[in-house]
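Inspection log for the structure reproduced underneath, given as structure tokens.
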2 protein chains.
Amino acid sequence: MTDTKTRILDTALNLFNRAGERNVTTNHIAEGLGISPGNLYYHYRNKAAIVAALFERYQEQIRDLLTVPEGPLTWQDKMRYFEGILESMWQARFLHRDLAHFLHQDAELRRRYKVFVQDSLERGLVIYRSLRDSGLIEASDEELRGLLVNTWVLAASWPGFTHGLNPDATGDEALDRTLLRQGIYQIICLEAPYLRGEALDHLDAMKQEFRTGDTTMDLLFAAAEAPPARRA
Amino acid sequence: MTDTKTRILDTALNLFNRAGERNVTTNHIAEGLGISPGNLYYHYRNKAAIVAALFERYQEQIRDLLTVPEGPLTWQDKMRYFEGILESMWQARFLHRDLAHFLHQDAELRRRYKVFVQDSLERGLVIYRSLRDSGLIEASDEELRGLLVNTWVLAASWPGFTHGLNPDATGDEALDRTLLRQGIYQIICLEAPYLRGEALDHLDAMKQEFRTGDTTMDLLFAAAEAPPARRA
DNA sequence: TGACTCCTAGAGTAATTACTCTAAAAATCG
DNA sequence: CGATTTTTAGAGTAATTACTCTAGGAGTCA
């Protein structure tokens, strides 16, 4: 069995995602994996240390995913990476949800987070430029920067946004995946105007693949307005 | 003097924005405007009631701002409305920051929020369509929907995002305004690819007006990478 | 002035919760 | 096996904090 230290992290992550860090006590975590509170505090100095450890784990994942091998990128490559990143962000969604509070409490975390964002954006810019070199997108450096920031904020905020709209189905794995896919669709929308060549050819298919109309869009755009003309 | 009830709201809003709702006790609020805790509880049943009242006030503001008069819109008109909306979202930034928690706790709030988002997106769609009719933007209904959702999420998340990157200067009014303006810039970036006609003519000027390069972009993109070529 | 309602004060309480402490079991090692 | 270190248990504590309760001031209207 994996060691207690990482089992604590896994359990905490689950509970945090489900109920929000604020609503999960250290006793809950201990109870959640069948150990005593004292035991938990033997492994982690305090609750903040657990959060910090989860944060570290998350950062490493993202950093790895944003490390792209040499050579020209295909559009499929890029989408594959992208799904991984969104997936990681999704798995640690409680972090972004309660980020403001963590950063408010912990100056060291603040410093590290700032570096993390800067580093991620730089790596993202490298990727986008590589895509531009491959003729898959067309945009100025300035446009790329704007796009990148928007992509980042959207990706980081999407889990919290959708969870707010549909918090009833807590732990519904299928719905979760649907909402995650819709998030990818939204980011495709973000990039769509800049796509060229092969990427443009796949755009419609991509949109088709990730749009989850009936679940999410109908959640957002209620039936009140005129339907998309076709469905009638 | 304004009545105690709204003074409580104003004080609470300030403190919540500054420190996060979680870190502001009812005693803090009372102390903040020089009344007793008991007095506060005479006016509001509990802390959640204060949040709910602020939420209500915020929703009304946004709803009003998204109610656009008849007739064709100019691009300037639209930007004017937009600034107002962003401003309102900024003033109630603690709400979006801690939204997940509030929605988690209160089923009624959840219902109202969902309706609010749907209503806002519908109103936004009306505005975008009107801009399309005026020849200021060109996009399919589907593209408009995607754009709209992204705009909403970005606008709602921007305050929390920037605050996370620079939480040291709490209450620095000048910096706050700068970050708000950068948020508008980001949304311009979002819309830019769809602009046509008169809107396109003003695009560069708009970007110029709202970009706050030295403060924010340098906050995001550290000096590590090659500078934008021009500045050297 | 007197009665009545609205508003205010502030000490006090009950419950939550992060965290501590002691001691014992389990594992590791010579 | 004996000694030492690592891991576990779980009862207990101190502090925070949302909220209550009683009692008194301040307008208002007859």
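Throughout, a chain's letter reflects where its sequence line sits, starting with A, and its residues are numbered from 1.
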Spacing of [X] atom [atom1] relative to [N] atom [atom2], expressed in whole Å:
X     : N      : atom1 : atom2 : answer
A/E31 : C/dA18 : CD    : C1'   : 16 Å
B/L40 : D/dA18 : CG    : C1'   : 11 Å
B/N27 : D/dT17 : CG    : P     : 9 Å
B/K5  : C/dC7  : NZ    : P     : 9 Å
B/I8  : C/dA9  : CD1   : P     : 10 Å
A/R45 : C/dT20 : CZ    : C1'   : 15 Å
A/D3  : D/dT6  : CG    : P     : 15 Å
A/R22 : C/dA18 : CZ    : P     : 12 Å

For A/V24 and B/I35, find the nucleotide of DNA chain C closest to each by heavy atoms; which residue's nucleotide sits nearer the 5' end? B/I35

Between A/N39 and A/N23, name the one whose nearest nucleotide on DNA chain C is closer to the 5' end.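 Of the two residues, A/N23 wins.
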
Distance below 4.0 Å between [X] side-chain N/O and [N] OP1 or OP2:
X     : N      : result
A/T26 : C/dA18 : yes
A/H43 : D/dT6  : no
A/T4  : D/dT8  : yes
A/S36 : D/dG10 : no
A/Y42 : D/dT8  : no

Which label fits [X] and [Y]: parallel for a plane angle under 30°, tilted from 30 to 60°, or perpendicular past 60°?
X      : Y      : result
A/H163 : B/H104 : parallel
B/F55  : B/F116 : perpendicular
A/F102 : A/F94  : perpendicular

For residues B/R63 and B/Q59, determine if any side-chain heavy atom of one lies less than 4.5 Å from a side-chain heavy atom of the other.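 Of all side-chain heavy-atom pairs linking B/Q59 with B/R63, at least one is under 4.5 Å.
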
Is the NZ or CZ atom of A/K78 both under 6.0 Å from the centre of the six-membered ring of A/F82 and within 45° of that ring's axis? yes

